[in-house]
Participant: 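My questions all concern the structure below.
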Number of protein chains: 2
Amino acid sequence: MKPSEQFHEIEQFLADRSIRLTLQRQHVVQRMVKREHFTAEEMVKDVQQTHPSIARGTVYRTLALLQENGLLEKHDFRQGAPHYELTHGRQHHDHLMCLQCGEIIEFHDDKLEAVQDRIIEEYGYQLVSHSHKLYGLCGVCQKKGKKTKKANAKPPKLRVMQSVE
Amino acid sequence: MKPSEQFHEIEQFLADRSIRLTLQRQHVVQRMVKREHFTAEEMVKDVQQTHPSIARGTVYRTLALLQENGLLEKHDFRQGAPHYELTHGRQHHDHLMCLQCGEIIEFHDDKLEAVQDRIIEEYGYQLVSHSHKLYGLCGVCQKKGKKTKKANAKPPKLRVMQSVE
DNA sequence: TCCCACTTGAGACTGAGTCTAAGGAAGAAG
DNA sequence: CTTCTTCCTTAGACTCAGTCTCAAGTGGGA
């Protein structure tokens with residue numbers, strides 16, 4: 001979906017709910033549709049570059065507003081501040097991240113979702129959302145790792161990852 | 001595993017790697033083995049209750065030390081500060097959290113892990129770790145929610161505001 | 001015993017996010 | 001149109017979690 005299309009969908013979505021899309025909010029959303037992932041502070045800087053008069057608080061409030069209405073998702077990756085991404089009109093997906101180079105892959109798997117639904121049900125919960133993140137090394141970094149192996153005298157990490165079959 | 005057992009295992013683990021378990025660190029670990037999940041600040045308060053002379057910095061440094069050595073895992077839940085939990089000798093598990101009351105349930109599912117392994121393989125990644133969190137409403141909060149349901153069924157009204165672009 | 005690296009306490013500092021007061025639009029009512 | 005009311009915004013102070021620095025303390029090995 002093109003940025004402008006996405007913008008108009010969001011515009012419509014908010015209008016349908018009589019949520020004001022003020023000029024300031026428009027500017028923020030305009031920046032957002034042009035990006036995949038971004039942090040709150042990145043967005044503040046980004047918006048202030050072209051509109052210095054827009055306050056930090058306004059950007060944060062807009063982020064919160066969109067989140068409340070399910071248009072925006074917040075992702076806590078391990079390092080740094082949480083990232084945001086627009087979800088409207090996009091299929092749900094989870095993330096796979098390379099710990100070395102930081103590459104983020106989005107994936108979707110029906111089976112995974114199904115298993116999840118079953119688990120939730122077992123506990124009598126009503127699912128609102130979920131966050132599923134896989135951390136590892138991408139193909140490229142695996143090869144690099146072998147060559148440029150760090151001389152870290154530290155003992156191997158005790159990470160027990162349950163492996164099946 | 002009993003707290004005291006867990007403490008001794010950790011003691012041993014560190015000794016094997018010639019990592020000093022100073023008095024201050026002992027106090028921190030002592031508190032940790034008595035808890036399931038905790039935030040860094042909770043741990044600071046907890047430790048300072050009985051040992052007021054132990055500094056914030058020391059607690060944070062101890063947390064970092066245990067993390068580096070794979071004894072402690074950090075979990076970013078959506079609200080508030082990240083939680084920590086000791087992992088040594090415990091089975092891997094994922095988390096299910098109630099957004100209303102904050103209850104955290106630990107679960108483990110072989111099928112889920114299997115599906116995950118398959119996905120990772122598809123992308124040529126080597127899995128290091130993962131974080132899988134489900135957010136929802138527990139049975140109790142679902143019932144509560146129905147009573148105090150907000151009247152948010154506003155009639156769709158379109159407000160036209162000046163448009164950017 | 002002395003040395004030196006490791007560890008600590010205290011407190012300043014930082015980054016991210018929240019809150020508040022006062023002023024500014026926008027729709028509603030008259 | 002004018003006034004009212006409500007929502008929204010700016011600016012900046014504030015909070016919270018976490019990090020950094022530095023002088024002082026500790027402790028194990030030569």
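Labels below follow one simple rule: chain letters A, B, ... track the order of the sequence lines, proteins then strands, and each chain is numbered from 1.
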Participant: Is any side-chain heavy atom of A/Leu134 closer than 4.5 Å to a side-chain heavy atom of B/Tyr123?
Facilitator: no
Participant: Rounding to an integer number of Å, can you tell me how far A/Leu63 CG sits from D/dT9 P?
Facilitator: 13 Å
Participant: Side chains of A/Met97 and A/Phe77, heavy atoms from C-beta outward: is any pair under 4.5 Å?
Facilitator: yes
Participant: Between D/dA11, C/dA16, D/dG18, which one does the side chain of B/Ala81 approach most closely?
Facilitator: D/dG18
Participant: Figure out the OH/C1' separation between B/Tyr60 and C/dT8, and round it to whole Å.
Facilitator: 17 Å
Participant: Does a side-chain N or O from A/Thr58 land closer than 4.0 Å to OP1 or OP2 of D/dT10, or not?
Facilitator: yes
Participant: Which one, D/dA17, C/dG17, D/dC8, comes nearest to the side chain of A/Arg25?
Facilitator: D/dC8
Participant: With respect to the phosphate group of D/dT26, does any side-chain polar atom (N or O) of B/Gln24 fall under 4.0 Å of OP1 or OP2?
Facilitator: no
Participant: Find which nucleotide of DNA chain C each of A/Pro82 and B/Gly57 is nearest to by heavy atoms, and output the residue with the more 5' nucleotide.
Facilitator: B/Gly57
Participant: Is the shortest distance from a Lys or Arg side-chain nitrogen in A/Lys74 or A/Glu85 to a carboxylate oxygen in the other one below 4.0 Å?
Facilitator: no
Participant: In terms of side-chain heavy atoms of A/Arg56, which of C/dG17, D/dT10, C/dC6 is nearest?
Facilitator: C/dG17
Participant: Please determine if a side-chain N or O atom of A/Arg61 lies less than 4.0 Å away from the OP1 or OP2 oxygen of D/dC8.
Facilitator: no
Participant: Between C/dG15 atom P and A/Glu42 atom CD, what is the distance in whole Å?
Facilitator: 15 Å
Participant: Please state how far atom CZ in B/Arg17 lies from atom P in C/dC6, giving the value in whole angstrom units.
Facilitator: 18 Å
Participant: Mind checking if B/Thr39 touches a base, just sugar-phosphate, or nothing, with heavy atoms under 4.0 Å?
Facilitator: nothing
Participant: Starting at atom CG of A/Leu23, determine the distance to atom C1' of D/dC7, rounded to an integer number of angstrom.
Facilitator: 15 Å
Participant: Would you mind reading off the distance between B/Ile54 atom CD1 and D/dG25 atom P, rounded to a whole angstrom?
Facilitator: 18 Å
Participant: Using 4.0 Å as the upper bound for N to carboxylate O, is an ion pair formed by B/Arg35 and B/Asp46?
Facilitator: yes
Participant: Using whole Å, what does the distance between atom P of nucleotide D/dT9 and atom CD1 of A/Ile19 come to?
Facilitator: 13 Å
Participant: Scan A/Pro52 against the nucleic acid and name what it touches under 4.0 Å (heavy atoms): base, sugar-phosphate only, or nothing.
Facilitator: nothing
Participant: From the set D/dC8, C/dG17, D/dG18, return the single nucleotide nearest to any side-chain atom of A/Thr22.
Facilitator: D/dC8
Participant: Start at the 5' end of DNA chain C and walk down; is the nucleotide closest to A/Ala40 or to B/Arg20 reached first?
Facilitator: B/Arg20
Participant: Tell me if the centroids of the rings in B/His95 and B/His37 come within less than 6.0 Å of each other.
Facilitator: yes
Participant: Just the rounded figure in Å: distance from P of D/dG18 to NE2 of B/His83.
Facilitator: 10 Å
